[in-house]
Amino acid sequence: MEVIIRDTAEDVGTLAADVFESHIKKGHTLGLATGSTPLALYNELIRRHRESGLSFAGCTAFLLDEYVGLPRTHEQSYYRFIRDNFTSKIDIDDDKVFSPDGLADNPTDAGIAYDSMINEAGGVDIQLLGIGTDGHIGFNEPGSSLTSRTRLKTLHPQTIADNARFFDGDESKVPHHVLTQGLGTISEARHLLLLATGEGKADAVAMTVEGPVAAVCPASVLQFHQHATVICDEAAASKLKLTKYYRYAYDNKPDWQEI
Ligand code: PGA
């Protein structure tokens with residue numbers, strides 16, 4: 001796993017945009033994440049699209065997760081979030097942006113169908129990940145099987161509390177169930193790029209990078225991946241022990257070696 005520490009959240013977004021840009025230029029399949037962390041990246045990619053003509057026309061995108069019970073049109077549905085904050089502002093074809101069906105009568109079947117769609121598209125080339133304060137990725141809460149597939153999950157009360165800010169601060173409005181790509185599904189992406197910013201993520205980042213691989217910290221599954229990158233700002237890196245080495249390794253990276 002490569003750990004890269006940048007000064008600020010904005011710097012994290014800019015470096016992540018450099019990584020994404022090379023995939024976008026190849027028309028790759030992108031795995032998108034919601035939440036506030038990726039916004040700096042999305043804003044930078046929108047800027048490059050507008051100012052430098054970066055085109056997403058050849059790309060396909062798959063979202064990590066979706067609330068159960070919210071239609072795609074609901075302003076807090078993850079499909080709508082991605083549309084409003086990213087995909088409606090670039091030139092990706094709407095028909096090539098996929099998300100789990102939060103309104104499916106049978107969520108189990110919907111999860112299986114979603115994994116099949118990802119496979120039929122040839123798999124995800126680069127999967128963007130945020131991280132929850134409890135170490136979740138996607139909506140795989142602590143205890144999630146490290147080989148899990150896309151399926152229904154019940155949100156942890158902490159995640160409901162964390163996300164209430166998007167629902168007028170009212171926890172009772174946050175859906176309690178979600179459809180999320182599983183840790184096994186996520187692990188099949190060819191490159192995992194986890195972004196973390198802010199002090200609130202410092203414990204989760206430390207557990208992910210330097211703790212044991214354990215379902216209690218779902219993001220620790222990244223330790224099993226052949227190509228996983230964590231980019232965090234100083235605050236999110238503040239509880240890591242090996243920061244000196246991570247900085248040294250990044251500063252001495254051979255020119256030919258991409259992130
Ligand atoms: P955040 O969410 O980027 O809004 O902090 C991350 C997550 O819960 O996965």
Side-chain angles (χ1 to χ4, degrees), residues 6 8-13 15-17 20 31-45 62-68 70 75-82 84-86 99-100 102 124 127-144 148 150 153-169 171 173-183 185-187 189 192-209 215-222 228-239:
R6 305 276 80 192
T8 65
E10 202 186 338
D11 298 335
V12 169
L15 185 60
F20 257 76
L32 302 180
T34 47
S36 37
T37 311
L39 291 177
L41 160 65
Y42 294 150
N43 288 337
E44 176 61 15
L45 290 175
F62 285 90
L63 271 63
L64 274 175
D65 42 21
E66 183 57 278
Y67 286 116
V68 166
L70 297 192
E75 62 175 4
Q76 291 308 332
S77 80
Y78 278 2
Y79 178 82
R80 172 86 184 269
F81 180 97
I82 283 289
D84 289 354
N85 289 287
F86 187 40
S99 60
V124 169
Q127 177 63 59
L128 179 65
L129 300 166
I131 185 167
T133 52
D134 61 2
H136 72 228
I137 51 175
F139 267 136
N140 294 280
E141 297 286 28
S144 293
S148 48
T150 302
K153 286 295 286 182
T154 303
L155 291 183
H156 193 287
Q158 182 62 53
T159 306
I160 292 174
D162 286 348
N163 288 3
R165 67 189 193 279
F166 298 114
F167 293 82
D168 309 320
E171 289 184 24
K173 291 187 185 164
V174 184
H176 289 198
H177 296 100
V178 291
L179 263 177
T180 181
Q181 284 190 37
L183 296 173
T185 315
I186 291 169
S187 296
L192 302 182
L193 180 65
L194 186 144
L195 308 184
T197 57
E199 208 184 335
K201 301 294 173 66
D203 284 317
V205 167
M207 281 196 301
T208 298
V209 175
V216 72
C217 177
S220 65
V221 76
L222 264 70
T229 309
V230 175
I231 309 180
C232 49
D233 66 1
E234 294 282 356
S238 60
K239 295 197 176 163

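Numbering of ligands and ligand atoms starts at 1, following listing order. Just so it is clear, the structure is predicted and the values come from calculations on it, not from any experiment. FYI, the numbering just counts along the sequence from 1. Values below: every heavy atom of this structure, side chains too, minus hydrogens, waters and symmetry copies.
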### Task
Could you tell me which non-hydrogen atom of N140 sits nearest to which non-hydrogen atom of H136, and how far apart they are?
O-CB, 3.0 Å
### Task
For E141 and K153, indicate whether the former's side chain and the latter's backbone hold a donor-acceptor pair under 3.5 Å.
no
### Query
Which ligand 1 atoms does H136 reach within 4.0 Å, using its non-hydrogen atoms?
7 (C), 8 (O), 9 (O)
### Message
Heavy-atom pairs closer than 4.0 Å: do any link ligand 1 to the side chain of Q158, the backbone, both, or neither?
### Response
neither
### Query
Roughly how far apart are T208 OG1 and K201 NZ, rounded to 0.5 Å?
10.5 Å
### Message
I need the atoms of ligand 1 closer than 4.0 Å to a non-hydrogen atom of G35, numbered in the order shown.
### Response
3 (O), 4 (O)
### Task
Mind checking whether D162 contacts ligand 1 via backbone (N, CA, C, O), side chain (CB onward), both or neither, at a 4.0 Å heavy-atom cut-off?
neither
### Query
Sub-3.5 Å donor-acceptor pair from the side chain of E171 to the main-chain atoms of A161, do we have one?
no
### Query
N/O to N/O below 3.5 Å, does that happen between T34 and ligand 1?
no
### Message
If the cut-off is 4.0 Å to any non-hydrogen atom of R165, which atoms of ligand 1 fall inside it?
### Response
4 (O)
### Message
Closer than 3.5 angstrom, by distance alone: can the side chain of S148 be matched with the main-chain N or O of L183 as a donor-acceptor pair?
### Response
yes
### Task
Using a strict 4.0 Å cut-off to heavy atoms of T37, name the atoms of ligand 1 that fall inside it.
1 (P), 3 (O), 5 (O)
### Message
Under a plain distance cut-off of 3.5 Å, with no hydrogens placed, do D11 and T8 share a side-chain donor-acceptor pair?
### Response
yes
### Query
How about D203 and T133: do any of their side-chain heavy atoms sit closer than 4.5 Å?
no
### Query
Any idea which protein heavy atom is nearest atom 5 (O) of ligand 1, and the distance to it?
K201 NZ, 2.5 Å
### Query
What atoms of ligand 1 come within less than 4.0 Å of a heavy atom belonging to I131?
6 (C), 7 (C), 9 (O)
